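No experiment lies behind these values; they were computed from the predicted model shown. To find a chain, count down the sequence lines: A is the first, B the second, and so on, and within it residues start at 1.
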Amino acid sequence: MSEERSLNFLEEIVEEDIAAGKNGGKVLTRFPPEPNGYLHIGHAKSICLNFGLAQRYGGQTNLRFDDTNPSKEEVEYVDSIKEDVKWLGFNWANELYASDYFDKLYDFAVKLIKKGLAYVDDSTADEIAAQKGTPTEPGTPNQYRNRSVEENLQLFAEMKAGKYPDGAKVLRAKIDLASPNMHMRDPLMYRIKHTHHHRTGNDWCIYPMYDFAHGESDAIEEITHSVCTLEFVPHRPLYDWFIENLEIFPSKQYEFARLNLNYTVMSKRKLLQLVEEKYVDGWDDPRMPTISGLRRRGYTPASIREFCERIGIAKRENMIDVSLLEFCIREDLNKTAWRRMAVLDPIKMVITNYPEGQVENMFSENNPEAEGGDGGREIPFSRELWIEREDFMEDPPKKFFRLGVGLMVRLKSAYIVKCDSFEKDADGNVTQINCTYIPESRSQNDTSGIHVKGTIHWVSVPHAITAEVRLYDRLFKVEDPSNEDGDFKEYINPDSLQVLEKVYIEPDLANAVPGKGYQFMRKGYFTLDKNSTRDKMVFNRTVTLKDGWKGTAQQPSKG
RNA sequence: UGCCUGAUAGUAUAAUGGUAGUACGACGGUUUUUGGUACCGUUUGUCUAGGUUCGAAUCCUGGUCGGGCAACCA
């Protein structure tokens, strides 16, 4: 039943640990975001990995906010992160905060001071940087490195008590200033920051650095497998050093390659810039690679989980093609989205032999992929219809299965029509297409014996509802904007958003539900935007349908 | 120039000394009242040079190329 997928390297490690009886076979992972921005698709990879690993081996996962830098962190971000993780379909065992451990962390620091393994340094940031040396030259110790335990204890207590201004002193681990690993050259453990913290308020004016908070938090929670991205590999010796010298629970850090997606940026700093400088409409702009952006775009949690499953877990740098993400959402929506008709770029068709004033209701199933079509609805049909402008050509090429004078198509779920003539305005724009219909060709009751290659969508003119439709394309013109010369914002795609103010949609779409995906037949998948109202409906295009037609040079842009 | 990492079709990811496989893409076909879906087929790969071995993507050595490391960020 369940496909035997080969294990990724982390699953192998976990299985080995379980087999070896490590931690009594327990598996506890954690997802540790810093609440300084919204979660993106890269975080989704980490979330699926951490929660998935625990689920697979009967363990649990903590959600822990790495909130050790109050100047960047906000409650808004905490809330959005919780919402996104939940939306993705994961339940954490405990909601925790590094700031919950500030007291314990302080005690840990005191313990290291007492062991002679930490000292207070009065140097400035520049001095410390200079004294650290370079990758090829060792660092040089300063006079503070030999302070007595008693003096360090007192100074550190005074730092905590608020006696010193920001930057006046730091607490450093006393390790090895000549280490080839820069992270081991007496790394900072605490800095002074008289800043309000979103949870601890003004209780603290010293805050632990990442390296002195993360592994320690893992140990406090007894995390068995602490999974992070590759850039932390050089931190691992330090992670282990603190745990060993503090003699606390031996959590282990493992690293995997972060997700890179082409035609977008993934760093929170850059995403924040796009938001603050108004290149996009907030963190949840449908063009953003954020979870909230993807949600607003119409992506489903299942499609994102599937994507994370398909990209795999390894240790080599990678660049995933967005087309894989698009494949995943199409695959999901194809099975679930109700089919509806919408004419994005309308042109009027008049069926000259259809009685004026007559209306027929045409039945059409909701989803041909589903059992029994998943029900259906009636679509009003009349003498005048809106059809897609691109479904008519004055001079159609040979394999154009749509309309042109003399050509026949089926109107989806209705009749076969033959194009007789068309009309133009003074500027040469086609304004109207005149057709005759075949009365015997009514859908589901076709006795005409006529077979046509093309079927097109339509909306009855007197019954059409007007809506706004937003078409999205990739946010950047180049595959890897961060790697180009100059500022990444120079590579923003100016056509990433196209707003169609007046689109005609079939009447049943008045019942469209937020959060549900609809397939506008032959045009793509769409979902209601959060700002849609009863009076002015707004749909976002999630993704186009795969377009296999190579008949013209002009290909509609994917998005 | 130091240290740490990694390298398998276009993109990802398996093969754990024994037939280089899978997915997406691309290309072609069948079906189709969506030029969608589904189904079938084709295509393309072990960074390089040596070595060990009956046998190497896998082990060893040298090289090449990519990524990371010198924030009071995480």
For a quick check of understanding: with a heavy-atom distance under 4.0 Å over all strands, which category does [X] fall into, base, sugar-phosphate or nothing?
X: A:F232; value: base
X: A:V233; value: sugar-phosphate
X: A:P32; value: nothing
X: A:E255; value: nothing
X: A:R269; value: nothing

Exercise. Among B:A74, B:U13, B:C73, which nucleotide sits nearest the side chain of A:A314?
Worked result: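 It is B:U13.
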Hey, does the side-chain of [X] have a donor or acceptor N/O within less than 3.5 Å of a partner on the base of [N]?
X: A:R522; N: B:U34; answer: no
X: A:H183; N: B:A71; answer: no
X: A:T455; N: B:U34; answer: no
X: A:E317; N: B:U5; answer: no
X: A:E369; N: B:G36; answer: yes
X: A:R310; N: B:U13; answer: no

Using atom [atom1] in both nucleotides, what's the gap between [N] and [M] to the nearest angstrom?
N: B:A14; M: B:G45; atom1: C1'; result: 13 Å
N: B:C69; M: B:G17; atom1: P; result: 34 Å
N: B:A15; M: B:U8; atom1: P; result: 14 Å
N: B:U46; M: B:C39; atom1: P; result: 30 Å
N: B:C47; M: B:C65; atom1: C1'; result: 7 Å

For this session: Check whether any side-chain nitrogen or oxygen of A:R316 sits under 4.0 Å from OP1 or OP2 of B:A14, and answer yes or no.
Result: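 It does, given that an N or O in the side chain of A:R316 lies less than 4.0 Å from OP1 or OP2 of B:A14.
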Problem set entry | side-chain N/O A:R185 vs B:C69 OP1/OP2, d < 4.0 Å |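 No, outside the criterion.
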For this session: Using both distances under 3.5 Å as the test, list the Watson-Crick or G-U wobble partner of B:A57, or none.
Result: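 Because no pair has both required distances under 3.5 Å, B:A57 counts as unpaired.
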Exercise. What distance do A:K523 atom NZ and A:D547 atom CG have between them, rounded to the nearest 0.5 Å?
Worked result: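 If I round to the nearest 0.5 Å, the distance is 8.5 Å.
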For this session: Figure out the CG/C1' separation between A:N260 and B:G68, and round it to whole Å.
Result: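 Distance, rounded to whole Å: 13 Å.
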